[in-house]
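Notes to accompany the following structure.
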Protein chains: 2
Amino acid sequence: MGTTQLESVPEPKYWHLRTVLSEALDSEFTVGEILPNERDLAARFGVARATLRQALEQLELEGRLQRRRGVGTTVAPPRVGVSVGSEQHAWPGAPDDVWQTVDCTPAVPPASVADALDSGRDEPVHIVRRSRVTHGQPVAAELLYIPQSSVPDLSAIDAPSGAARARAVLRELQRLELERQESAVELGSARADDAKELDRLPGAPVLVVTTRYIAEGRTAALSVATYRADTCRLTFGDSGRVEIHQDPQRQAS
Amino acid sequence: MGTTQLESVPEPKYWHLRTVLSEALDSEFTVGEILPNERDLAARFGVARATLRQALEQLELEGRLQRRRGVGTTVAPPRVGVSVGSEQHAWPGAPDDVWQTVDCTPAVPPASVADALDSGRDEPVHIVRRSRVTHGQPVAAELLYIPQSSVPDLSAIDAPSGAARARAVLRELQRLELERQESAVELGSARADDAKELDRLPGAPVLVVTTRYIAEGRTAALSVATYRADTCRLTFGDSGRVEIHQDPQRQAS
DNA sequence: CAGTGGTCTAGACCACGAT
DNA sequence: TCGTGGTCTAGACCACTGG
């Protein structure tokens with residue numbers, strides 16, 4: 001009757017389960033509430049634990065659930081919108097910057113980074129590590145690659161590495177006039193170090209934002225920022241507020 | 001010696017496997033090449049098939065592999081960059097638009113969409129479906145929500161739905177002056193209908209791009225576009241070319 | 001039809017957090 | 001110490017693709 005098509009191919013159990021759980025989350029649970037444990041839930045739905053876990057994984061991917069080993073599964077708050085590409089371009093480290101500088105080390109960049117920078121493959125760069133925190137939660141970790149040629153007047157007095165060095169590098173960067181910036185977003189999985197900083201397990205889904213800062217016709221800096229995909233919604237465009245807090249895919253049908 | 005820390009907590013097998021396979025892909029395989037099947041690979045590495053599959057899933061998520069039921073697992077080509085937010089804003093359906101209009105149906109939008117539009121909750125909208133194809137592959141499916149008040153002068157002569165109607169709606173939209181647009185990107189999983197259009201299984205990871213088109217101080221249209229996360233790199237900023245084709249996270253270390 | 005990846009099961013053990 | 005989610009196993013069957 002209501003079904004537009006007889007399911008000649010029944011949908012997988014875990015997918016159906018995802019739907020059922022999703023609706024239950026909408027109607028019967030509040031943010032932060034703890035769900036029954038996986039073994040109980042599996043028994044309640046009459047499926048193996050692995051199958052239930054497949055459904056939970058989907059919901060976690062969609063930002064609906066949060067699971068922590070040793071604790072349990074809780075209903076996640078709506079994703080937080082984090083502004084990524086504002087139209088009024090600004091250098092990293094500009095006064096209004098939301099990032100926290102961690103440290104700085106000199107290194108020869110990986111080949112892929114060297115190619116994106118318009119410097120030679122062997123030119124050393126400053127690698128500035130930064131982190132971004134919102135609402136008390138770490139949301140992103142960043143590696144900033146800055147060729148030495150972008151900051152030629154660095155005082156040798158400053159330490160060769162560390163947080164003070166990082167701030168000095170960013171301060172020098174402000175002297176260039178930023179022409180424009182280009183960003184790209186893609187899905188990745190957290191490496192061990194990023195995972196630790198983001199308070200997730202290795203392999204957790206992340207949104208990788210690669211930004212080229214262009215000044216004087218060349219790439220003066222390259223940022224690779226790793227955002228938690230489960231908790232973040234990346235916003236582009238000036239205001240940074242696209243206020244759809246419910247899943248924008250969800251249909252009234 | 002070389003190890004900075006004795007692994008008091010050994011890394012999971014699947015994660016190690018992912019690393020080994022990833023390096024093998026770099027050095028011993030070419031794009032499009034078919035890998036041995038899962039049962040053979042699992043036997044070769046001395047793990048259960050489920051464990052091997054966990055590693056393959058990671059690599060597929062990262063866009064390194066492509067798996068197709070009944071066919072096999074192949075080495076994926078580099079992700080294709082698709083331009084999403086150009087700085088020279090333009091309405092959907094503008095002459096240079098990369099989207100292909102599919103059809104149009106009138107409907108009352110889901111509550112979350114109605115709230116994002118600044119129209120009343122009960123104002124009907126035109127829902128224009130469009131699809132985006134690059135290099136012969138479908139990369140995105142879009143739903144465009146356009147309040148009737150944004151296109152008041154639609155001729156009643158045109159059909160009430162269908163592709164012709166869709167084009168008429170977009171044509172009318174051009175008459176408004178676009179002030180700006182705001183976009184947000186987040187991770188989602190493909191619903192059944194999107195999955196079919198994108199040639200993926202339900203639940204496949206997608207990047208959901210929500211864009212508000214703002215004219216005359218209000219949201220004149222809302223786009224919810226679903227991109228394949230495995231094959232796409234979304235680019236923002238005019239040129240649309242941030243050319244890091246290798247995994248930008250990969251470290252030389 | 002044979003071979004592939006996709007789903008599912010019923011267990012086991014482990015790492016972590018709280019108590 | 002106990003309960004949680006995370007990892008892993010060794011099977012089974014199914015759905016899809018191709019020849």
Side-chain angles (χ1 to χ4, degrees), chain A residues 7-19 21 32-61 64-76 189-190 192 195-196 199-205 230, chain B residues 6-19 21 33-61 64-76 189-190 192 195-196 199-205 230:
Chain A
E7 296 266 17
S8 59
V9 178
E11 64 184 355
K13 275 190 189 178
Y14 79 90
W15 186 254
H16 179 244
L17 207 47
R18 184 207 78 107
T19 307
L21 287 171
E33 198 172 345
I34 302 180
L35 268 64
N37 71 51
E38 296 182 350
R39 291 162 179 86
D40 284 354
L41 275 179
R44 187 174 311 185
F45 286 104
V47 299
R49 189 177 157 219
T51 304
L52 174 85
R53 279 179 60 81
Q54 248 184 302
L56 295 184
E57 263 151 43
Q58 287 284 341
L59 291 168
E60 192 179 28
L61 203 74
R64 311 281 319 272
L65 291 180
Q66 202 163 337
R67 297 145 92 200
R68 272 171 303 172
R69 169 155 48 180
V71 179
T73 302
T74 57
V75 180
S189 49
K196 186 174 247 176
D199 194 25
R200 300 256 63 198
L201 293 176
D230 55 344
Chain B
L6 202 54
E7 294 268 17
S8 58
V9 179
E11 65 184 352
K13 275 189 190 179
Y14 79 90
W15 186 254
H16 180 244
L17 208 47
R18 183 207 80 106
T19 307
L21 287 171
E33 200 172 344
I34 303 179
L35 269 63
N37 72 52
E38 296 183 350
R39 292 163 178 85
D40 284 354
L41 275 180
R44 187 174 313 185
F45 286 103
V47 299
R49 191 179 156 215
T51 304
L52 174 85
R53 278 179 60 79
Q54 247 184 303
L56 294 184
E57 262 152 41
Q58 286 285 342
L59 290 169
E60 192 179 29
L61 203 74
R64 311 280 319 270
L65 291 179
Q66 202 162 338
R67 296 145 92 200
R68 271 170 305 170
R69 171 154 48 180
V71 178
T73 301
T74 57
V75 180
S189 49
K196 186 175 246 176
D199 193 25
R200 301 257 63 198
L201 293 176
D230 54 345

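Residue numbers begin at 1 in each chain, while the letters A, B, ... track the order of the sequences. Just so it is clear, the model here is predicted, and its values are computed rather than measured.
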[N] [atom2] sits how many Å from [X] [atom1], rounded?
X: A:E11; N: D:dA15; atom1: CD; atom2: P; value: 14 Å
X: B:L52; N: D:dT7; atom1: CG; atom2: C1'; value: 15 Å
X: B:Y14; N: D:dG6; atom1: OH; atom2: C1'; value: 8 Å
X: B:L65; N: C:dG5; atom1: CG; atom2: P; value: 11 Å
X: A:D199; N: C:dG17; atom1: CG; atom2: P; value: 9 Å
X: B:R53; N: D:dG11; atom1: CZ; atom2: C1'; value: 15 Å
X: A:L201; N: C:dG17; atom1: CG; atom2: P; value: 10 Å
X: B:R67; N: D:dA15; atom1: CZ; atom2: P; value: 19 Å

If you take all heavy atoms of B:A55 and B:R18, which pair is closest and at what distance?
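For B:A55 versus B:R18, the nearest heavy atoms are CB-N, 3.8 Å.
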B:Q58 and A:G203: which non-hydrogen atoms are nearest, and at how many Å?
NE2-O, 3.4 Å
Is there a residue in residues 37-49 of chain A whose heavy atoms reach under 4.0 Å of DNA chain D, and which residues are they?
A:N37, A:E38, A:R39, A:R49
Considering only [options], which nucleotide approaches the side chain of [X] most closely?
X: B:K13; options: D:dG6, C:dC8, D:dT9; answer: D:dT9
X: A:R69; options: D:dT9, C:dC8, D:dG6; answer: D:dG6
X: A:V71; options: C:dT9, D:dG6, C:dG17; answer: C:dG17

In Å, rounded to the nearest 0.5 Å, how long is the span from OG1 of A:T51 to CG of A:L17?
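Between A:T51 OG1 and A:L17 CG, I get 8.0 Å after rounding to 0.5 Å.
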Within this structure, what is the CG-CG distance for the pair A:L35 and A:L59, rounded to the nearest 0.5 Å?
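Taking CG in A:L35 and CG in A:L59, the distance rounds to 9.0 Å.
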Select from B:G72 and A:T51 the residue whose nearest nucleotide in DNA chain C is closer to the 5' end of that strand.
B:G72
Between A:P12 and A:G70, which has a closest nucleotide on DNA chain C that is more 5'?
A:P12
Just checking B:R68: does its CZ atom have more than 12 heavy atoms from other residues, nucleotides or ligands closer to it than 6.0 angstrom?
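Counting other residues, nucleotides and ligands, CZ of B:R68 stays at 12 neighbours or fewer.
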Step through the shown structure and confirm whether more than 12 heavy atoms of other residues, nucleotides or ligands are within 6.0 Å of CG on A:D199.
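Not buried by this count: 12 neighbours or fewer within 6.0 Å.
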Within the structure shown, what part of the strands sits under 4.0 Å from B:L56 by heavy-atom distance: base, sugar-phosphate, or nothing?
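Nothing, no nucleic acid heavy atom in range.
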Applying salt bridge (charged side-chain N to carboxylate O under 4.0 Å, His left out), can you list everything that pairs with A:R67, at least two apart in sequence or on another chain?
A:E38, A:E60
